[in-house]
Amino acid sequence: MTILRAAIFAALSMFGAATVAHAQDVTLTSPDGAVEITGTLLGFDGEFYRVRTVYGELTVDGSGVTCDGPACPNLVDYVADVTISGAAGMAEVLMPALLDGFALRNGYRVARKLVDPQHFSYELSDPTTQNPVARFHFNATTTDEGFADLLADEADLTMSLREIRQSEANLGFEAGLGNMRDKNRSRVLALNALIPVVAPSNPVSQISTSDLAKVFAGDIDNWQDIGGPDAPIALHVPLQESGLLQAIEDRLMKPSARNLSSNATFHGQMTSLVDAVQNDPFAIGIATYASSNNATRLPLTGGCGYAVHATRRGIKTEDYPLTAPMFLYLPARRLPKVARDFLTYTRGPAAQIVIRRAGFVDQSSEEIPIALQGQRFVNAIAQIGSDAPIADLQAVVARLGNHARLTTTFRFKPGAAEMDAQSRSNAQQLARALEIGTYDGRELVFVGFSDGEGSVEVNRTIASRRATGVKNAVLAAAETVNEADLNIAVEGFGEALPMACDDSTWGRQVNRRVEVWVR
């Protein structure tokens, strides 16, 4: 049995024991007495009761019944309790910053209460009455433990630095939680990136993704093999149970069919990892965009000399390949209204400012004029193949030369037509922008690009089909938009604007994309 499975089963066992010890029956009765429901109260969100009955779990509108029993909540002075569990890296800075912003925007007073370094709460209160409105309780642990708590019904939200594993989703389904991989069960809260870092004195100035995977697998163990001094390479990575290390395994190691070296040094805190690398000229670590501090960040290359830096725009567009979205996972049941309002706030423009100020990458769209994309076009000219004539690149410039590229870009899961997690979030963000009229009176062009495998004509067709699919997904999410009021076009340029070489899985993955251009 894996550690993860054992942890989840342990959490489920604890939940079962707690239910037996503290469960109290309630009776919900309609005003005329014709309907009576008796069962164990599982929760109350301020509007609806959640009750386990002989008929299964029922959700009952509180406005239509009266509640009798010692577990019945106080409807007059109701306080919403929301438990958030998971990645400490999100709990320490990002979530408190967002709750402070949410409270400020809604006129709540905030009080932070520390239980211990792992547990703390934020209480929101009405400044007029001083009465508490909601309490957000944090369990700052690991992504694994966050999912265990969610599956055991001991958390309302899970903070995760990776997507849910299939094994975790299977356990959730067995526990009656439905499909945990459904698009409505998670959202990308902010963006981060996995960045190779070295000491300022290290002479290596860039590294390919292929070599980076070999380094952390131990297949390359001397700096001399990648243009550095004749010295052994010391490896530094996040804690084994952390979502960040799992993201490294998913994004870097698995695509190259390699496993992390057992010689790596593990760090519970990102600050200790960065400090260790800064103080050792022969060390390399993988840090995050938000925590790399003064260590030297190595740009990534695809083997063709085109270096991609982990800039804010590069992370938003996923041109930088090792992006690391930060997720919130939600249960299938209703959350208290204040929690739903908070989740709505996290997608708005005010929250994007908070995210950026907290040191993370927000998801708001930025426009990149074509004049600032010279490196991309120079690389395309250098890498364009004999099968894709320069005329195709000229066609891109002719069509888009007076447009600007949005940082909103869509990429796909390896070997699939399904958008990746960051792109699904981009679709929701763009749909929201369309609903509020951000691009009214302007032309939006969904532009598809492909890798260089296959014929030019087939690649153009595939690229156009992907662009059409993304456009349709965005419009389906923009439920209140009248399509007749929009000026939207679709183009497919195939392999005309490569971002990287096609000689690696990473390169082909980066090249398969749908961009959005605006005029």
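Numbers here simply count residues along the sequence, with the first being 1. What you are looking at is a predicted structure, and each value in this text was computed from that prediction instead of being measured. Just so you know, these numbers use all the heavy atoms, side chains as well, and skip hydrogens, waters and symmetry mates.
- Side-chain N/O atoms of Ser365 and Thr408 include a donor and acceptor closer than 3.5 Å.
- A side-chain N or O of Gln246 and one of Asp144 form a donor-acceptor pair less than 3.5 Å apart.
- Applying the salt bridge (Lys or Arg N to Asp or Glu O under 4.0 Å) rule to pairs touching residues 468-491 yields Arg399-Glu491, sequence neighbours excluded.
- Asp420 and Ser423 share a donor-acceptor pair across their side chains, judged by distance under 3.5 Å alone.
- In summary, Lys413 and Glu418 engage in a salt bridge, as defined by a charged side-chain N under 4.0 Å from a carboxylate O.
- Here Arg312 pairs with Glu366 in a salt bridge; the nearest charged N to carboxylate O distance falls below 4.0 Å.
- With respect to Arg405 and Asp319, a salt bridge is recorded, a charged nitrogen being found less than 4.0 Å from a carboxylate O.
- Aromatic ring pairs are classed by plane angle as parallel below 30°, tilted from 30° to 60° and perpendicular above 60°; the pair Tyr329 and Phe147 is perpendicular.
- Ion pairing of Lys254 with Glu249 is absent here, as no side-chain N (NZ or NE/NH1/NH2) approaches a carboxylate O to less than 4.0 Å.
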* Check against side-chain hydrogen bond (donor to acceptor under 3.5 Å, both in side chains), Glu174 and Asn170 -> CA-CA 6 Å; Glu174 292 168 6; Asn170 292 341; over 6 Å; no

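- Between the side chains of Thr288 and Ser291, at least one donor-acceptor pair of N or O atoms lies under 3.5 Å.
- Ion pairing between a basic and an acidic side chain is recognised when a charged N comes within 4.0 Å of a carboxylate O; Asp225 and Lys214 show no such pairing.
- A donor and an acceptor atom, one from each side chain of Gln373 and Arg376, are located under 3.5 Å apart.
- Atom CG of Leu322 and atom CG of Asp250 lie 11.5 Å apart (nearest 0.5 Å).
- One finds a salt bridge joining Arg424 and Glu163 here, because a Lys/Arg side-chain nitrogen approaches an Asp/Glu carboxylate oxygen to under 4.0 Å.
- Checked against side-chain hydrogen bond (donor to acceptor under 3.5 Å, both in side chains), Glu367 has the following partners two or more places apart in sequence or in another chain: Arg442.
- Listed by chain and number, the residues in a side-chain hydrogen bond (donor to acceptor under 3.5 Å, both in side chains) with Trp517 are Glu515 (sequence neighbours excluded).
- Checked by atom type, the side-chain pair Asn487/Glu443 shows no donor-acceptor distance below 3.5 Å.
- For Glu457 and Arg460, the salt-bridge test passes: some basic side-chain N is under 4.0 Å from an acidic carboxylate O.
- Ionic pairing of Asp219 and Arg258 is present here: one or more N-O contacts between side-chain nitrogen and carboxylate oxygen are shorter than 4.0 angstrom.
- With salt bridges taken as basic N to acidic carboxylate O contacts below 4.0 Å, one links Asp451 and Arg512.
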